[in-house]
Structure formats: structure tokens, C-alpha cells
There are 2 protein chains.
Amino acid sequence: MPDRAQRADTRVTVDLVIFAIREARLQVLLIRRAVAPFEGRWALPGGFVLAGEGLEAAALRELEEETGVRQVYLEQLYTFGDPGRDPRGRVVTVAYVALIAADRAPLEAGSDAAAARWWPVDDRPPLAFDHDKILDYAVERLRNKLEYTTVGFQLLPRQFTLTALQQVYEAVLGRRLDKRNFRRKIALLGILTPLRERRTEGGRPARLYEFSARRFEKLKDKGILFPF
Amino acid sequence: MPDRAQRADTRVTVDLVIFAIREARLQVLLIRRAVAPFEGRWALPGGFVLAGEGLEAAALRELEEETGVRQVYLEQLYTFGDPGRDPRGRVVTVAYVALIAADRAPLEAGSDAAAARWWPVDDRPPLAFDHDKILDYAVERLRNKLEYTTVGFQLLPRQFTLTALQQVYEAVLGRRLDKRNFRRKIALLGILTPLRERRTEGGRPARLYEFSARRFEKLKDKGILFPF
DNA sequence: AATATTAGTGTAGCATAGACACTAATGCAA
DNA sequence: TTGCATTAGTGTCTATGCTACACTAATATT
């Protein structure tokens, strides 16, 4: 049994890695710190977990404070608790990843006073605390999940073209994909509903699609858990 | 900014899901609680993170206290922090999964005073706190990881037969595998070193093998991250 | 009407996964 | 010693999925 004297109470925070696709690149929302430590450095948005508040609830609260959006995809990433990761004392942080649909991502994120902006993940400033490590891990996780889940759809508006969907995959994975192979794979999944509408953007108009959560659930029931 | 009065300090614990293969089944080490709450119920071993101690360090310390083993595979699983998950107050727990090689798993685990024993995961008593949820999630993760990583080898002694390896996979996945397909897949990976020794156990003697971390690293370097 | 731009479509080769049954080497008991 | 029980070890065929690869279609602009 640990001695009561040694058993230190600890402050617990949540940090958020908020991703969106902007200008066909994977971008992350960062805030510029106004106070020490790391004053002036960019950091992941986050904050303390309140008394009686669940971890995910705290993450959702911070997310809404930062971006104004609700009902987004949110997933716990990892918990970082090295002593010394925060010079102010013992702070354990539970990191979450949020995915925001392109059309719901605030243009230049309107945070309360503090400067906040989107940065391309592969062209970003050095971050405060151990946030570089957190962000790197988040990107790795997102890349992996993209290949065997349907999280990719969370980065798109409800209606989208197949080209837009492919651009999401290319932006996250960081490499070009073959158009025909990509479309065949998607079609084989059978989780997209084609719509009557088309959208025209410079050339031949493209058909719009919707993600069909209903069909996806049916696949899951059959044990086809991760169709990607 | 959260109000300072609302920002509650919190106790942080680590809980351990310690797996081993025993009698060809996936088993987990549980301890019987001697004190309230949940007195008499079985629970995952765990304890408070000490001041100045890292999360993983705390998990390793608890693991050694509980089993006496060192240098085991240890991986962070998930962090559970629902308010109300512990009737004594706000406790956030970081759950870890440990894999112990069959030959190093204590026979009937010798914990300090408290009763401790191995239970088959699919034939276990109801657990204290939210530990059933934690254990279920750990099993799910282990099953997934088994298929695309080499964690399976962590559940075996350094030298083992292919049949023993297959039994590990069958015990974790909970289904029988085809002997020829299994052996072909393993051979294709090229990460096993055949030894001269054989081990005889009732019938024809079986060749022993060693996991070759060196060859595995070479594969990783080539980008073949998860050969399974 | 010509041009630029984006959407949309099929096939062939290769690798991987699953189904499937018999022979080989040893220990033990009659 | 021989036969029997027990565990080890081996190859092929089929189906499925992945990769590479090039042209036609529909619109807007000049």
C-alpha cells in the first residue's frame, strides 16, 4: 500500500487535437499561449477537468468553447503524465482527438480573446509542453483508423462528391491514391447513398453522395466491423 | 477559463490487466478486495500514482509488487474517469495491459497478504468498480493487436514450439486456427529462428524456435510495420 | 467551335487467405 | 517387438482483394 504522504493529488486536464481538412490539407487548431509557461508559444487547446465532470464531457466543453461546434466525432487518444511535463507541477492530461467537417470548421477560429488559428500539421510551429508528441501520435492514430474504419466521413459535410472524399484520404495519408481503385473500394462497401443532385466545380458536374449510417450498422451487425 | 474553485484536484490511479496463457486459456490476474468499498469482490490490481512518479513507472511498480516479474510487455489501454466510478470520490484511473510469458507467471500469484489468483477471462467472477468494462476492453484490444502486431510472442517463453505459438493465438482469439495456414503465415514473416533443440511432449518431438527481434526490426525499417 | 477542367469507367496480373488430409517420429502398453 | 496412441510436420487449389494503368464524358470559358 502506498503511503498516504506520498500519494499526491494531481491536476487533470484534457487536451484536444482538433483536425479538419482545409485547402486539401490536414490542419489542426492551435492557440497561442498568452501566459507563462511557454508564453507566446502555440499549443493544443485544453483545460482543467472540473469537479464532478467526466473526461469526455470536459473535452466536449473545451471543444465547444474553442470552436462553437457540437456533435462532432471525439475519441480518447492517450494519457500523458510524465512528471515534469508541466513546469507548474504535476499535471496529467488526457488527450482527445476531434474531427470537424470542413463546412463546420470556423474560418479563422473565434476563441475567447486568445489567438487561435488552423495550421497544416506538416507545416506548423513548435508547440508548448509535450504537445508535439501528442500531435504526432494523433496523426499516426488518425492515419491508421482511416484505413479500417469510416472516420474519414467525419471530415466531410453530409453531402459530398467522391473526389472530395478521396481528397480527405489523400490529405490524411499524405499520398496520392488511384482514382479508379479508390472508387471501386468505396462502392464495394455499399455504405454510400447516391443522390440526385450534382455539384459542378469547374468541369463536369459531380454526383453527390451521403454516408449511410444505416447500411453501415447492418454491416457491423454481420460482423464486418471495419470495412476499410 | 475554468474557475479555480471548480477545478478539483483528483486522485490518479493505475489499474493493471495482467494476462497470461495458462492451461491453454487466456487468464487474468485478479485480487480479492479486503476493504470497502466492494469488500470481498474481485478486482484488477492497481494503486495510486505516487508524487513524482510517471504513469508507466507506477504501472511497472504495481506489476512487480503483484507478480514479482520485470521486463514485461506493458501498454497503456485507456483512461477511465467517470465521476462516480469510485464511491470514495473522484478517482481517475489509467488502465494498462501487461502480458506475461507462461513460464514467468507465478503459479498461484503471491501477492502481499491479499488473496490473488488467475481467472480465465471468459469464466470469471463479477468485478468491483468499472473493472468489468476495463477488462472487456483489454481483451478486445489484445485480440485486435494480435492480428497486426507481434505481441503474441510476449505470452511465450523465449523458446517455444509452433504448436505452443498457435495455442496462444487460439486462446486469445477464442477460435481454432488451421495448422498449415498458421505455420505458412508465420514462416512467411521470417521472424522466427529455428533452433537445433527439440522438445518432446507425448508424441513426435517438436522443433523449438526463438523470436528474432533483429529480423523484426529490419522489417519495421522497411516500412512493414505490422506484419501480422 | 475549340479548349480547359473535372467526372467517371474496366481489366489483367499478383499476392494473400482459407479450405482441406495425409505421413513422420516418438512413448507406452500389450 | 509390435502395434497403438499422440503430437509434428507438410502442399495445392480456389477465391478474394490490391495494384497498375488510359481513355471518354460533361460542363464552363474563350
Checklist line | salt bridge (Lys or Arg N to Asp or Glu O under 4.0 Å) assessment of A/Arg143 paired with A/Glu147 | finding: CA-CA 7 Å; A/Arg143 283 189 178 144; A/Glu147 311 218 31; over 6 Å; no
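- One can place CG of A/Leu189 at 12 Å from C1' of D/dG17, the figure rounded to the nearest angstrom.
- The nearest whole Å value for the distance from the CG atom in A/Leu165 to the P atom in C/dG8 is 12 Å.
- Here the nucleotide nearest the side chain of A/Thr163, chosen from D/dT19, C/dA7, D/dG9, is C/dA7.
- A straight line from CZ of B/Arg207 to C1' of C/dA24 spans 14 Å, rounded to a whole angstrom.
- When the nearest nucleotides of DNA chain D are assigned to A/Arg198 and B/Thr161 by heavy-atom distance, the more 5′-ward of the two goes with B/Thr161.
- In this structure, A/Gln166 places its CD atom 10 Å from P of C/dA7, rounding to the nearest Å.
- When all heavy atoms of A/Arg196 and A/Arg207 are compared, the closest pair comes out as CA-NH1, 4.3 Å.
- Rounded to a whole Å, the CZ atom of A/Arg176 is 16 Å from the C1' atom of D/dT19.
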Next item on the list: Evaluate the criterion side-chain hydrogen bond (donor to acceptor under 3.5 Å, both in side chains) for residue pair B/Arg184 and B/Asn181; output intermediate values, then yes/no.
Entry: CA-CA 5 Å; B/Arg184 175 158 38 93; B/Asn181 292 341; 2.7 Å; yes
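- When each of C/dG18, D/dA8, D/dC21 is scored by its nearest atom to the side-chain atoms of B/Arg184, the top-ranked nucleotide is C/dG18.
- Residue B/Pro205 has its side chain nearest to C/dA25 when only C/dA25, C/dG10, C/dA17 are considered.
- Checked by atom type and distance alone, the side chain of B/His131 never pairs as donor or acceptor with a backbone atom of B/Ala43 at under 3.5 Å.
- Among D/dA20, D/dA28, D/dT10, the nucleotide with an atom closest to any side-chain atom of B/Arg183 is D/dT10.
- Heavy-atom distances to DNA chain D give each of A/Asn181 and B/Ala206 a nearest nucleotide, and the one nearer the 5′ end belongs to B/Ala206.
- Side-chain proximity of B/Arg204 to the nucleotides C/dC20, D/dT7, C/dA17 is greatest for D/dT7.
- The nucleotide whose nearest atom lies closest to any side-chain atom of A/Asp178 is, among D/dC21, D/dG11, D/dA20, D/dC21.
- Closest contact between the side chain of A/Arg180 and the listed nucleotides D/dA8, D/dC21, D/dT10 involves D/dC21.
- The CZ-C1' distance, from B/Arg199 to C/dT26, rounds to 16 Å in whole Å.
- For the pair A/Phe182 CZ and D/dG17 P, the interatomic distance rounds to 17 Å; values are reported in whole Å.
- Rounded to an integer number of Å, the gap from B/Leu188 CG to D/dG11 P is 14 Å.
- For the pairing with B/Phe129, the ring pair (Phe, Tyr, Trp, His ring centres under 6.0 Å) check across B/Phe38, B/Trp42, B/Phe80 returns one residue only, B/Phe38.
- Checking C/dG10, C/dA17, D/dG9 against the side-chain heavy atoms of B/Lys179 singles out D/dG9 as nearest.
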